[in-house]
Amino acid sequence: MASDISFDIVSRVDRQEVDNALNQAAKEVGSRFDFKDTGASIRWSGDDVTMEANGEERVKAIWDVFQSKLVKRGVSLKALKATDPKLSGKTWRMVASLRNGIAQDGAKVIVKLIKDEGPKTVKTAILGDELRVSSKSRDDLQAVQRLVRGAEADLDFAVQFVNYR
């Protein structure tokens with residue numbers, strides 16, 4: 001009798017890649033002519049990224065620069081949630097938060113998708129902020145991965161597949 005094979009569906013952000021993208025964005029913001037004398041900056045503030053400038057358009061431009069650096073480094077833009085620019089004194093501020101883990105509602109959406117459209121031999125379990133998918137067949141697990149990747153556009157978080165055993 002064959003044993004179950006499993007993998008986990010997670011939503012994790014590689015903090016080092018985000019840090020590298022932030023450093024590249026800070027370097028570009030510091031050297032670009034259109035950001036000169038605007039008080040433009042981007043930096044870590046705890047686990048959040050804070051962007052500041054003297055105009056709303058400048059803050060949005062910093063956010064665009066940061067997003068382009070994230071994409072080049074392979075970080076999904078779904079991994080960050082940004083606030084709208086807000087005026088704080090004389091400077092405009094925008095904060096982007098990192099999102100790790102799959103929320104309970106998101107996990108239920110994936111479980112429902114797998115139960116409705118996936119192979120019937122597949123079992124799913126919600127383990128905290130991740131999902132464990134198991135089956136006796138590797139082919140069924142690969143079909144589930146294809147199914148979840150196809151539905152990822154409709155999800156509001158990025159997914160990765162880990163612990164394939």
Side-chain angles (χ1 to χ4, degrees), residues 5-35 40-53 57-85 92-114 117-118 122 124-135 138-165:
I5 307 159
S6 68
F7 68 88
D8 295 337
I9 301 175
V10 298
S11 180
R12 294 186 186 144
V13 179
D14 186 354
R15 170 96 183 205
Q16 186 62 50
E17 288 298 331
V18 175
D19 190 46
N20 291 340
L22 183 126
N23 290 335
Q24 289 176 342
K27 190 179 283 190
E28 184 172 327
V29 166
S31 65
R32 274 185 30 183
F33 180 75
D34 57 337
F35 288 119
S41 69
I42 180 170
R43 60 182 158 61
W44 283 110
S45 176
D47 284 340
D48 299 334
V49 176
T50 303
M51 296 154 277
E52 294 179 339
E57 305 82 32
R58 291 289 131 229
V59 173
K60 289 180 180 178
I62 295 170
W63 175 238
D64 289 341
V65 169
F66 184 47
Q67 284 180 318
S68 70
K69 300 301 180 190
L70 288 169
V71 169
K72 285 181 184 175
R73 301 205 64 87
V75 177
S76 174
L77 296 179
K78 292 180 179 181
L80 285 129
K81 181 169 177 64
T83 63
D84 291 330
W92 286 83
R93 178 175 292 147
M94 190 171 174
V95 178
S97 304
L98 295 176
R99 297 195 297 178
N100 273 318
I102 300 174
Q104 199 73 17
D105 295 339
K108 288 179 182 177
V109 167
I110 293 175
V111 168
K112 183 173 178 359
L113 174 75
I114 292 171
E117 299 179 25
V122 173
T124 58
I126 300 174
L127 305 172
D129 61 351
E130 57 188 49
L131 245 70
R132 170 132 325 137
V133 180
S134 59
S135 176
R138 289 183 193 272
D139 293 338
D140 289 348
L141 293 180
Q142 289 173 346
V144 168
Q145 285 183 350
R146 283 191 300 275
L147 178 67
V148 172
R149 274 194 196 108
E152 189 175 6
D154 297 334
L155 301 173
D156 64 343
F157 52 90
V159 294
Q160 296 89 29
F161 306 106
V162 297
N163 294 339
Y164 195 79
R165 40 187 139 135

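All figures in this text were calculated on a predicted structure; none of them were measured in a lab.
No side-chain heavy atom of Glu52 sits under 4.5 Å from any side-chain heavy atom of Ile62. A heavy-atom distance below 4.5 Å is not found between the side chains of Met94 and Phe66. The shortest distance between side-chain heavy atoms of Asp8 and Leu131 does not fall below 4.5 Å. Side chains of Val65 and Arg32 form a contact here, defined as non-hydrogen atoms less than 4.5 Å apart. For the pair Leu155 and Val109, the minimum side-chain heavy-atom distance is below 4.5 Å.
A donor-acceptor pair is defined here as one N or O able to donate and one able to accept, closer than 3.5 Å; such a pair exists between the side chain of Arg99 and the backbone of Lys78. Checking side-chain atoms of Lys60 against main-chain N and O of Pro85 turns up no donor-acceptor pair under 3.5 Å. Side-chain atoms of Lys69 never come within 3.5 Å of backbone atoms of Glu28 as a donor-acceptor pair (strictly under, hydrogens ignored). Without hydrogens or angle criteria, Glu152 side chain to Val159 main chain gives a donor-acceptor distance under 3.5 Å.
Annotation for Gly46 and Arg15: closest pair O-NH2, 3.7 Å, computed over non-hydrogen atoms.
For the residue pair Gln24 and Asn20, no side-chain donor N or O sits within less than 3.5 Å of a side-chain acceptor on the partner.
Around atom CG of Asp47, no more than 12 heavy atoms belonging to other residues, nucleotides or ligands sit under 6.0 Å away.
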